[in-house]
Enquirer: 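There's a structure below that I have some questions on.
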Amino acid sequence: MKKELIKKPTGTLDILPEDCIKRRHLENELINFFNNYNYKEIRTPTFEKTELFKRGIGDYTDVVSKEMYSFHNNEFTLKPEMTAPVIRAYLENSMYNLPGVVKLFYISNMYRHERPQAGRFREFSQFGAEAIGSSSYLIDAEMILLCIKILEHFGVGNVITKINTIGSPIERKDYLNELKKFLKDHIGSLTDTSKNRLEKNPLRILDTKDEKEIEILKSAPRLYDYLNDSTKKHFVNLLNLLDKLNIKYQVDYNLVRGFDYYTSTTFEIISNDLGSQNAIIGGGRYDNLVEELGGKSIPAIGFACGIERLLFLMEKNNYKFPSESIVNLFIVTFGDKAKDFALKTLIALRKRNIKCDTDFLDRSIKSQMKEANKIGSEFTIVIGDSEIDTNNALIKRMKDGKEFEISLNELEKINLDKFRN
RNA sequence: GCGGGUAUAGCUCAGCAGGUAGAGCGUCAGAUUGUGGCUCUGAAUGUCGUGGGUUCGAGCCCCACUACUCGCCCCA
C-alpha cells in the first residue's frame, strides 16, 4: 500500500537550496547594512504570551482579532510582528540603561492566519529595525533613509514612499468625533465594512479602496488640522529634512496603518510591480508603546520589510545574486581500493576547505563524469586499480578538458591554483 | 470569513463529437569494453486531484469535496 503524501501547511514555503543561497546572501548584506547604521541584532522567541500582542498591537486590529496562531489555551501566540516582542525584550532586559538611542534590528519569521495570495503567506519573513529612546524627527528621517537605501542597494529603486502623521490618541479624539459626524451624514453611501468600523475604528475608513467612499472622503475633515503644533512641527521638520536629503516621498493624509500603537509619523513604501499586496515596507513612530507595555514613557520608531516581497522585486529587477557554490574536485573511482582511497582523500581535502565529492552509487566512469559535469565541478580525477598501483593519476580541468599528471601521494596536498589557468 | 480561476508524468504543458494517455525538459542506461559538455538510441514514472453521477464507454459532460492560485478584508 502506497502511503498518502503529507503536504506542507497552507501558506507556508519550502525554501529549496537555490533560494537558500539567495536568502543567505540577502541576510548577510542586511547585517552589513545595519551595522553601518549602528543597529544591533536582536532575536526573540518564536512565540510570546498572547497578552503581549493584545496589549501591544490592539485587541480590535484584524491581526489580533482574527489572524493569530494561538495555542495552549490561548496562552501563547506565534509572533505576528516584531515590534511588541522587541519592546518587551527591551524592557525585560533593562535596555533603557544602554547609552544613547537603542537601535535594534531583526530578521525573523512571522505568522498570521490569513488567506494566502500573491505576496502574502501564513509563515513569512521580515527584517526590520526599532530605534528606541529618541523623539527627534532626525531619527525618523534616518530610518526612512535607511529603508530607501536598503531597497536601492538591492536594486529596487522604482518605489513610492508614502508618509503621514496621525498624532496621538488624545489628539485624535476630537477629530474622530468630527469624522464620525461627517460619515454619519453619508451613511447611506458607506460599505458594510465601513459601517462596522464607524464606532470601533473609524480611522481605518480613511484607508478605503471603495471609489465612492474615496470621493466622499475628499470633503471629510482632515486629521492633520486637529493635531498639536508640536506634532505638526515634527512632521514639517521631517519633510524638510527629507527634501534636503533628496528623498522623494508623497504625503498621504489617508495613510492609516493597521496597528494601534502608531503615533505621529507613519510611512509605507509601495511598489507597483508587486501584486495587490503592494506594500514592501511599513513603519512609523510608536511613542506610547513602551509605556503601554509597562515601561516608562519612551518614544520609539520602527519599520518592517517583507522579505518574500523584496526577493520577488529583486528577481523582477534581475538582481545579480551570487552563484551557487561549486565543487572544486570530483573524484571518479572504480574498484574498492580506489573508493577507499578516495574517501580518505576527501577528508584531508575538506580539511583544507577544498570542496570535493565522489560517487556513492558505484556507477560507471562515464556516469560519474557526467555527474561531475552537471554539478559544475572544476576538476575531476579518475582513480582505478592502475592509478593505485602506479601512484599516478590525471587531474582534468573540466572547462577545457586539459589533463595534468599528478602523484597520488600528493593529492591531499594538491594546490589547485597551479592548474587553474 | 467571502468571491473568481485552475487541478493530466519530477517540471512546463498538449490531448478530444466523450472510445481505457502524449510532447519537450529533467532523470537513468547505452553508442567497440577506464573519462563529461554536442549528437543519437533506449528506458522508467501517471489509479488524468478525490468521491459520486450521466453513458455501452469519461482525462474530456454534471454534482460534491479537497488542494492550489488570484482577489476582497487586512498587511510586509
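Letters go in sequence order (proteins before strands), and every chain restarts at 1.
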Enquirer: As a test of reading the structure: which of C70(B), A76(B), U27(B) is closest to the side chain of Arg257(A), going by heavy atoms?
Expert: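 So the nucleotide nearest the side chain must be A76(B).
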
Enquirer: What is the distance, rounded to the nearest whole Å, between atom CZ of Phe121(A) and atom C1' of C68(B)?
Expert: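 Those two atoms, CZ and C1', are 13 Å apart.
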
Enquirer: Considering only atom C1', compute the distance from U8(B) to A21(B) and round it to an integer number of Å.
Expert: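 Looking at atom C1' only, U8(B) and A21(B) are 8 Å apart.
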
Enquirer: Ignoring the backbone of Val382(A), work out which of A67(B), G34(B), C72(B) is nearest its side chain.
Expert: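 Looking only at heavy atoms from C-beta outward on Val382(A), the closest nucleotide is G34(B).
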
Enquirer: Paired with G3(B): which nucleotide, if any, by Watson-Crick or G-U wobble criteria at under 3.5 Å for both distances?
Expert: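 Paired with G3(B), as far as the under-3.5 Å criterion goes, is C70(B).
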
Enquirer: Just the rounded figure in Å: distance from C1' of A76(B) to CG of Asp62(A).
Expert: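 Those two atoms, CG and C1', are 15 Å apart.
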
Enquirer: Whom does C16(B) pair with, Watson-Crick or G-U wobble, provided both distances fall under 3.5 Å?
Expert: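 Checking every strand shown, C16(B) finds no partner, since no pair has both distances under 3.5 Å.
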
Enquirer: Using the side-chain heavy atoms of Ile365(A), tell me which of these nucleotides is nearest: G34(B), G3(B), A29(B).
Expert: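 The listed nucleotide nearest to Ile365(A)'s side chain is G34(B).
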
Enquirer: Above 12 or not: heavy atoms from other molecules or residues under 6.0 Å from NZ of Lys355(A)?
Expert: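 Count over threshold, so yes.
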
Enquirer: Would you say that Leu349(A) contacts Ile347(A) through its side chain, given a criterion of any heavy-atom pair below 4.5 Å between the two side chains?
Expert: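 Side-chain contact under 4.5 Å: no.
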
Enquirer: Hey, does the side-chain of Lys66(A) have a donor or acceptor N/O within less than 3.5 Å of a partner on the base of G1(B)?
Expert: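 No, the side chain and the base share no sub-3.5 Å donor-acceptor pair.
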
Enquirer: Would you find more than 12 non-hydrogen atoms of other residues, nucleotides or ligands less than 6.0 Å from Asn73(A) atom CG?
Expert: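 For Asn73(A), atom CG is not crowded (no more than 12 foreign heavy atoms under 6.0 Å).
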
Enquirer: Quick one: Arg397(A) CZ to G36(B) C1', roughly how many Å, whole number?
Expert: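 It works out to 16 Å between those atoms.
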
Enquirer: For Gly128(A), report the nucleic acid contact type (base, sugar-phosphate, nothing); a contact means any heavy atom under 4.0 Å.
Expert: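 Result for Gly128(A) = nothing.
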
Enquirer: Between the base of G34(B) and the side chain of Glu387(A), is there a donor and acceptor pair under 3.5 angstrom?
Expert: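 Present.
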
Enquirer: Taking the same atom, P, in G5(B) and in G19(B), what whole-Å distance lies between them?
Expert: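 Their P atoms lie roughly 26 Å apart.
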
Enquirer: Nearest to the side chain of Lys366(A) - A31(B), C73(B), A67(B)?
Expert: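 Among A31(B), C73(B), A67(B), the one nearest the side chain of Lys366(A) is A31(B).
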
Enquirer: If you take atom types as modelled and just measure distance, does the side chain of Asn373(A) reach the base of G36(B) with a donor-acceptor pair under 3.5 Å?
Expert: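 Such a pair is found, so the answer is yes.
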
Enquirer: For nucleotides G18(B) and G53(B), find the distance between their C1' atoms and express it as a whole number of Å.
Expert: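 G18(B) and G53(B) have their C1' atoms separated by 15 Å.
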
Enquirer: Regarding Ser125(A), tell me which of base, sugar-phosphate or nothing describes its non-hydrogen contacts under 4.0 Å with the strands shown.
Expert: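 Counting heavy atoms under 4.0 Å across all strands, no contact is made by Ser125(A).
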
Enquirer: With the side chain counted from C-beta on, respond yes when Glu41(A) and Leu104(A) share a heavy-atom pair under 4.5 Å apart, and no when they do not.
Expert: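 Result no, sub-4.5 Å side-chain heavy-atom pair not found.
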
Enquirer: Could you tell me how far C56(B) sits from U50(B) if I compare only their P atoms? Round to whole Å.
Expert: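 So the two P atoms sit 25 Å from each other.
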
Enquirer: Could you check which nucleotide pairs with C48(B) in any of the strands shown, counting Watson-Crick or G-U wobble with both distances under 3.5 Å?
Expert: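 Because no pair has both required distances under 3.5 Å, C48(B) counts as unpaired.
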
Enquirer: Under 4.0 Å from OP1 or OP2 of C68(B): is there any side-chain N or O of Thr10(A) that close?
Expert: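 For Thr10(A), the contact criterion (side-chain N or O under 4.0 Å from OP1 or OP2 of C68(B)) is met.
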
Enquirer: Mark yes or no for whether Arg55(A), through its side chain, and Glu292(A), through its backbone, hold a donor-acceptor pair below 3.5 Å.
Expert: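 The answer is yes, because a donor-acceptor pair under 3.5 Å joins these two groups.
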
Enquirer: Using the P atom as the point on both nucleotides, what is the distance between G22(B) and U47(B), in whole Å?
Expert: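 Each nucleotide's P atom is 16 Å from the other's.
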
Enquirer: Using only modelled atom types and a 3.5 angstrom limit, is any donor from either the side chain of Ser377(A) or the base of G36(B) paired with an acceptor on the other?
Expert: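 By the distance-only test, no, there is no pair.
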
Enquirer: Rounding to a whole Å, what distance do you find between Gln117(A):CD and U6(B):P?
Expert: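 Rounded to whole Å, this separation is 19 Å.
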
Enquirer: Between C11(B) and G49(B), how far apart are the P atoms? Round to whole Å, please.
Expert: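 Here G49(B) and C11(B) have their P atoms 13 Å from each other.
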
Enquirer: How about OH on Tyr60(A), more than 12 heavy atoms from neighbouring residues, nucleotides or ligands closer than 6.0 Å, or not?
Expert: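 Not more than 12 within 6.0 Å, no.
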
Enquirer: Between G34(B) and Phe334(A), is there a base-stacking contact, meaning the centre of the base's six-membered ring lies under 5.5 Å from the residue's ring centre while the planes stay under 30° apart?
Expert: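 No, Phe334(A) does not stack on the base of G34(B), since the centre distance and plane angle fail the 5.5 Å and 30° test.
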
Enquirer: C28(B) phosphate, OP1 or OP2: any side-chain N/O from Ser367(A) under 4.0 angstrom?
Expert: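 Ser367(A) to C28(B) OP1/OP2: no side-chain N or O under 4.0 Å.
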
Enquirer: Check this for me, if you would: do Asp340(A) and Lys344(A) make a salt bridge, where the nitrogen-to-carboxylate-oxygen distance has to be below 4.0 angstrom?
Expert: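 No, this pair does not count.
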
Enquirer: Would you mind telling me which of C28(B), G1(B), A76(B) lies closest to the side-chain atoms of Arg363(A)?
Expert: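 Comparing C28(B), G1(B), A76(B) against the side chain of Arg363(A), the answer is C28(B).
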
Enquirer: Would you measure the distance from the C1' atom in C68(B) across to the matching atom in C61(B) and give it in whole Å?
Expert: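 Going atom to atom, C1' in each nucleotide, I get 24 Å.
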
Enquirer: Could you give the distance separating C48(B) and C16(B) at their C1' atoms, to the nearest angstrom?
Expert: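 Per the computed distance, 13 Å lies between those C1' atoms.
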
Enquirer: Applying a 4.0 Å non-hydrogen cut-off, can you work out what Ala372(A) is touching in the nucleic acid: base, sugar-phosphate, or nothing?
Expert: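 No contact.
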
Enquirer: Which part of the nucleic acid, if any, lies within contact of Lys7(A), taking any heavy atom under 4.0 Å across all strands shown: a base, the sugar-phosphate backbone alone, or nothing?
Expert: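 Lys7(A): backbone/sugar contact only, no base atoms under 4.0 Å.
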
Enquirer: With nearest nucleotides of RNA chain B determined for Asp385(A) and Arg115(A) from heavy-atom distances, which residue corresponds to the more 5′ nucleotide?
Expert: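 Mapping each residue to its closest nucleotide by heavy atoms, the 5'-most match is Arg115(A).
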
Enquirer: Please determine, for the side chain of Lys370(A), which listed nucleotide (A76(B), G30(B), C72(B)) has the closest atom?
Expert: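 In terms of side-chain proximity for Lys370(A), the closest of A76(B), G30(B), C72(B) is G30(B).
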
Enquirer: Taking the side chain of Lys374(A) as heavy atoms from C-beta outward, which of U35(B), U27(B), C72(B) is closest to it?
Expert: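 Side chain of Lys374(A) sits closest to U27(B).
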
Enquirer: Taking atom types as they are modelled, would you say the side chain of Arg120(A) forms a donor-acceptor pair with the base of A76(B) within the 3.5 Å cutoff?
Expert: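 Answer is no: no donor-acceptor pair is held.
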
Enquirer: Out of Lys399(A), Arg420(A), Lys396(A), which one pairs with Glu378(A) under the salt bridge (charged side-chain N to carboxylate O under 4.0 Å, His left out) rule?
Expert: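 Looking at Lys399(A), Arg420(A), Lys396(A), the match for Glu378(A) under the salt bridge (charged side-chain N to carboxylate O under 4.0 Å, His left out) is Arg420(A).
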
Enquirer: Compare side-chain N and O positions of Gln277(A) against OP1 and OP2 of C72(B) and report whether any pair is under 4.0 Å apart.
Expert: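 Yes, within the criterion.
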
Enquirer: For Gln368(A) and A29(B), give me the distance from atom CD to atom C1', rounded to whole Å.
Expert: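 So the CD-C1' distance, Gln368(A) to A29(B), works out to 15 Å.
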
Enquirer: Rounded to whole Å, please give me the gap between CD in Glu308(A) and P in A76(B).
Expert: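 Whole-Å distance recorded here is 13 Å.
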
Enquirer: My understanding is that a pair needs two contacts under 3.5 Å, Watson-Crick or G-U wobble. By that rule, which nucleotide pairs with G26(B)?
Expert: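 Partner of G26(B): none.
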
Enquirer: More 5' along RNA chain B: Ser276(A) or Ile307(A), using each one's nearest nucleotide?
Expert: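 Counting from the 5' end, the first nearest nucleotide belongs to Ser276(A).
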
Enquirer: Do Phe379(A) and Phe330(A) have side chains that approach each other closer than 4.5 Å (heavy atoms only, starting at C-beta)?
Expert: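 No, their side chains stay 4.5 Å or more apart.
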
Enquirer: When we call it a touch if two heavy atoms are under 4.0 Å apart, what does Phe259(A) touch: a base, just sugar-phosphate, or nothing?
Expert: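 The residue Phe259(A) makes sugar-phosphate contact but no base contact.
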
Enquirer: Determine which nucleotide pairs with C61(B), using a 3.5 Å limit on both distances of a Watson-Crick or G-U wobble pair.
Expert: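 With both distances under 3.5 Å, C61(B) matches G53(B).
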
Enquirer: Compare the minimum distances between each of U35(B), G30(B), A76(B) and the side chain of Met369(A), then state the nucleotide with the smallest one.
Expert: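 Per side-chain heavy atoms of Met369(A), the pick is U35(B).
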
Enquirer: With heavy atoms under 4.0 Å as the rule, sort Glu403(A) into base, sugar-phosphate or nothing.
Expert: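 Base contact - Glu403(A) has a heavy atom under 4.0 Å of at least one base atom.
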
Enquirer: Between Tyr111(A) (OH) and A76(B) (C1'), how many Å, whole number?
Expert: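 Between C1' of A76(B) and OH of Tyr111(A): 15 Å.
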
Enquirer: Could you please name the partner base of C38(B), counting Watson-Crick and G-U wobble pairs only when both distances are under 3.5 Å?
Expert: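 Partner of C38(B): none.
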
Enquirer: Shortest non-hydrogen contact from Ala338(A) to Ile388(A)?
Expert: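 That would be CA-CD1, 4.0 Å.
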
Enquirer: Please state how far atom CG in Asn278(A) lies from atom C1' in C72(B), giving the value in whole angstrom units.
Expert: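 In whole Å, C72(B) C1' lies 14 Å from Asn278(A) CG.
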
